[in-house]
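Take a look at the structure below.
Chain identifiers are assigned alphabetically (A, B, ...) following the order of the sequence lines, protein sequences preceding nucleic acid strands; residue numbering begins at 1 within each chain.
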Amino acid sequence: MRKLIIKRLLHIIPLVIGMSFITFLMIRFSPGSPFTTLRMNPEISPATIAALEKSFGWNKPPIIQYLDWLKNICLLNFGISFTYHTPVLTLIKYRLKNTLCLALFSLSLSWILAIPLAVIAGYKENKFIDKVLSSIAYISISLPSFFVALLFVYFVSKTNVLPLGGTRSLFGANVTPYQHFADYLSHLLVPGLVLTFVNLGWIFRLMRNNFIDVYHSPYITTAWAKGLSTKKVLFRHAFKNAINPMLTILGLEIGSLLNGAALVEIICGWPGMGSLILHAVLSKDMYVVMGSLVISGVLLIIGNLIGDILLLLTDPRIKIS
Amino acid sequence: MRIFLQRLRRYSKLGYLSFIFLVIFYFIAFFADLFVPYNYTHQWLSKSFCPPTKIHFIGPKGHFHIRPFVYNYVIVNPALRTYKEDKTKKYPIFFFVKGPERKIFGIFKTDRYLFGVQKPAGIFLFGTDLYGRDLFSRLLYGARISLSISLIGVLFSFVFGLITGGIAGYYGGVIDYIIMRFTEILMVFPSFYLMLALRAAFPLSLSSVQVYFLIVLILSIIGWAGLARIIRGMVLSIKEEEYVLAAKSMGLSDFKIITSHIIPNTFSYTITALTISIPGYIIGEAALSLLGLGIQEPYPSWGNILSSTIGNLRVLTYDPWMLIPGFFIFFVLINFNFLGDVLRSVLDPKNW
């Protein structure tokens, strides 16, 4: 058990190195250096630019640059943004907080909604309620996240029920922390609900299929034959076994949430990682692009790891083999 | 092919229906030139964000007309861009009307359009955009770009995934290790971020043809890794089969074994995988164009038509017909998902 986890942890190291190397290659050899825009600004003297280039180590050979950058990453120094003139880490920290809030909100909401609905649909397989729920799930899977976001923004701007864009309203000086939190939450609702809806379909479908598979297995028949109550059969036997494979999905979901969140954030005006990386790409702010790529990649790896470990902890079959 | 269609029809009416829908859709997209009432660059300067034209059968005096007609739309309030039907004159809809000369597929010259009305009225089934261009025509032309990108992209990743996955699975060892670690690294990035970073690796201003192939390239780089891993796994299991062993003992070359014995056996699975992955390509193209990093004006694509609604609440609130491309994307995606689900069962030999 401990060996397995350590093995998985060690596997991460080459993955992160490879990932950072590819990131570096992609960005370093893209046409136009980040200094081109600075050069076009007549207010900045060539001497300053030369000094800047030197401080970023731009005149060293690329491999040395990569190693320097890697070393700095390990010390959590991601360089300085060319457009915001702040350390990339502070920038990412703020944006990441927002993205994680959004992801966590929609993750928990979609699971809270999807799992019970999936159990109901699986229990009433091929009945009316199952068909309705499954069709909704199908629609949710087939709707691209950006389109859901656009529809939702359209709806909200027509009805004006929720605030759009940003993380807070303009307040006076004295707001209680509670008001502050409520305000943040109300701004979170638009992107959060969009992401929840997009996510809902997948979880529902997977859980429903798992539940049906489990529900038709012989031990459930045995449980019924023993004369157990419906509640016990459903929750003790069927539900527990059906939810197990979902734990791996939980880890994988972090990646898909980051993906889906990016576009939704941009459309709903939520200041998260998605809009950060988009603007960084548009303005060739290379340290921000590299930093966000590496951090999001590491997040994904951590997510997968959590999923694996959860599965290890809950499924005794894996421990034995 | 006929056997496949029969099986598909027998297995699931819904899957068969989605297949037919998709074929029709791709057909219309490919021959978009023949179906549009206007060219995609044709501007009506006085009709910016004109709402969808209503088609009438009953005249103002209550008479029924067999030939449907439309009214001219006149602007009432230029600041708010509200339009009103001018009910004084009727403009009947005719087929094969004359218009500005154009070239179909860039070859055949013609001045006929499938349907249309006399100027100054226009027939805008889905309204017009900011520059007063007919959205319906742009949608059809856009379908050609969006749908072809997805097909070509899928084909690229398919070929590339087949080669790398086949080599990795067949030879194993160091090559396998390198290729598999590489795919793993590619899959570690959230694909949307990777897409943006790859786009950043190329100049932002490119010609339309270059952008088109760049998108194909980016999407296939992202899609290739997953496919290669699947094919590798299949090749690993197939190469242990007796018929491969027989081919080997008969002295066939590795290349011949891979191309004529192993790869054809992965087809039933890869075709399903391809069908399921096409939606990802359509979304990818739309997302890039939506953010202004993909297909550029004046060329239409579903993503870049939608892009005018982003961050522009005014357009979104008052001109909601700009969202129509989203419904088209949804429609195509849901059909692909249906088809993919059904194919999974139809092509599975266990279900024969």
Side-chain angles (χ1 to χ4, degrees), chain A residues 11 14-19 21-23 25-27 29-32 138-139 141-151 153-154 157-158 164-165 254-263 266-267 269 273-274 277-278 280-282 284 286 289-290 292-294 296-301 304, chain B residues 181-182 184-205 221 279-280 282-284 286-288 290-293 302-303 306-307 309-320 322-323 325-338 341:
Chain A
H11 189 73
L15 220 54
V16 172
I17 292 176
M19 181 185 81
F21 187 62
I22 288 185
T23 309
L25 277 187
M26 261 187 322
I27 306 299
F29 293 101
S30 70
Y138 227 101
I139 292 172
I141 290 168
S142 304
L143 274 170
S145 63
F146 57 83
F147 188 50
V148 182
L150 281 173
L151 286 179
V153 170
Y154 170 67
S157 71
K158 274 275 184 200
L164 269 175
I254 295 183
S256 69
L257 272 176
L258 276 179
N259 270 332
L263 265 172
I266 293 165
I267 293 170
M273 293 286 282
I277 197 171
L278 174 68
V281 163
L282 287 175
K284 290 263 168 204
M286 86 174 208
V289 179
M290 296 204 295
S292 4
L293 263 178
V294 168
S296 58
V298 168
L299 272 181
L300 235 163
I301 294 176
N304 292 352
Chain B
R181 289 302 86 76
F182 189 67
E184 239 166 55
I185 291 167
L186 271 187
M187 288 164 91
V188 155
F189 295 107
S191 57
F192 180 76
Y193 290 35
L194 183 61
M195 198 164 76
L196 283 187
L198 279 173
R199 184 65 187 85
F202 293 90
L204 287 177
S205 49
I221 287 176
I282 296 177
I283 293 179
L288 271 179
L290 194 68
L291 300 174
L293 293 167
W302 287 351
L306 276 175
S307 72
T309 57
I310 289 200
N312 193 340
L313 279 185
R314 213 213 145 278
V315 171
L316 198 56
T317 323
Y318 295 102
D319 317 307
M322 294 303 286
L323 288 175
F327 289 101
F328 275 68
I329 296 177
F330 168 61
F331 182 74
V332 170
L333 291 196
I334 205 166
N335 278 318
F336 266 117
N337 285 338
F338 273 137
D341 272 3

Original post:
Highest number of heavy-atom pairs under 4.5 Å with chain A: which of Pro320(B), Pro279(B), Pro325(B)?
Top reply: Pro320(B)
Original post:
If every non-hydrogen atom of Gly297(A) is compared with every non-hydrogen atom of Pro190(B), which pair is closest and at what distance?
Top reply: N-CD, 4.2 Å
Original post:
Which atoms of Phe189(B) come close to chain A, meaning under 4.5 Å heavy atom to heavy atom: side chain ones, backbone ones, both, or neither?
Top reply: both
**OP:** Could you tell me which portion of Met273(A) (side chain, backbone, both or neither) has an atom closer than 4.5 angstrom to a non-hydrogen atom of chain B?
**Re:** both
**OP:** Between chain A and each of Tyr318(B), Phe202(B), Phe338(B), Phe336(B), count heavy-atom pairs under 4.5 Å; write down the option with the most.
**Re:** Phe338(B)
**OP:** Please report the shortest heavy-atom distance between Phe146(A) and Ala287(B), naming the atom on each side.
**Re:** CE2-N, 4.4 Å
Original post:
Picking from Leu186(B), Leu196(B), Asn335(B), which has the most non-hydrogen pairs under 4.5 angstrom with chain A?
Top reply: Leu196(B)
Original post:
Taking all atoms of both residues into account, what is the closest heavy-atom pair of Ala197(B) and Met26(A), and its distance?
Top reply: CB-CE, 3.9 Å
**OP:** Look up atom CG in Leu143(A) and atom CD1 in Ile329(B), then write down how far apart they are to the nearest 0.5 Å.
**Re:** 10.5 Å
Original post:
CZ/Arg199(B) to CG/Leu278(A) distance, rounded to the nearest 0.5 angstrom?
Top reply: 11.5 Å
Subject >> Nearest-0.5 Å distance that lies between atom CG in Leu299(A) and atom OH in Tyr193(B) >> reply: 8.5 Å
Original post:
In this structure, are over 12 heavy atoms from other groups packed under 6.0 Å from Phe330(B) atom CZ?
Top reply: yes
Original post:
Considering only heavy atoms, which portion of Ile22(A) lies under 4.5 Å from any heavy atom of chain B: side chain, backbone, both, or neither?
Top reply: side chain
**OP:** Examine whether an atom of Ile283(B) lies under 4.5 Å from a heavy atom of chain A, and if so say whether it belongs to the side chain, the backbone or both; otherwise answer neither.
**Re:** both
Original post:
Which answer fits Phe331(B), side chain, backbone, both or neither, if we ask what part of it has an atom under 4.5 Å from a heavy atom of chain A?
Top reply: neither
**OP:** Working to the nearest 0.5 Å, report the span between CG of Leu150(A) and OG1 of Thr309(B).
**Re:** 4.0 Å
**OP:** Would you check if Leu151(A) and Phe327(B) make a side-chain contact, meaning some heavy-atom pair closer than 4.5 Å?
**Re:** yes
Subject >> Portion of Leu198(B) that has a non-hydrogen atom of chain A nearer than 4.5 angstrom >> reply: both
**OP:** Go through Leu25(A), Val153(A), Thr23(A), Ile139(A) and name the one with the most non-hydrogen pairs under 4.5 angstrom from chain B.
**Re:** Ile139(A)
**OP:** Among the options Gly326(B), Ala200(B), Gly303(B), Ala286(B), pick out the one with the most heavy-atom pairs lying under 4.5 Å from chain A.
**Re:** Gly326(B)
**OP:** Among the options Leu306(B), Leu333(B), Val332(B), pick out the one with the most heavy-atom pairs lying under 4.5 Å from chain A.
**Re:** Leu333(B)
Subject >> Selection from Ile301(A), Leu263(A), Ile267(A), Asn304(A) maximising heavy-atom pairs under 4.5 Å formed with chain B >> reply: Leu263(A)
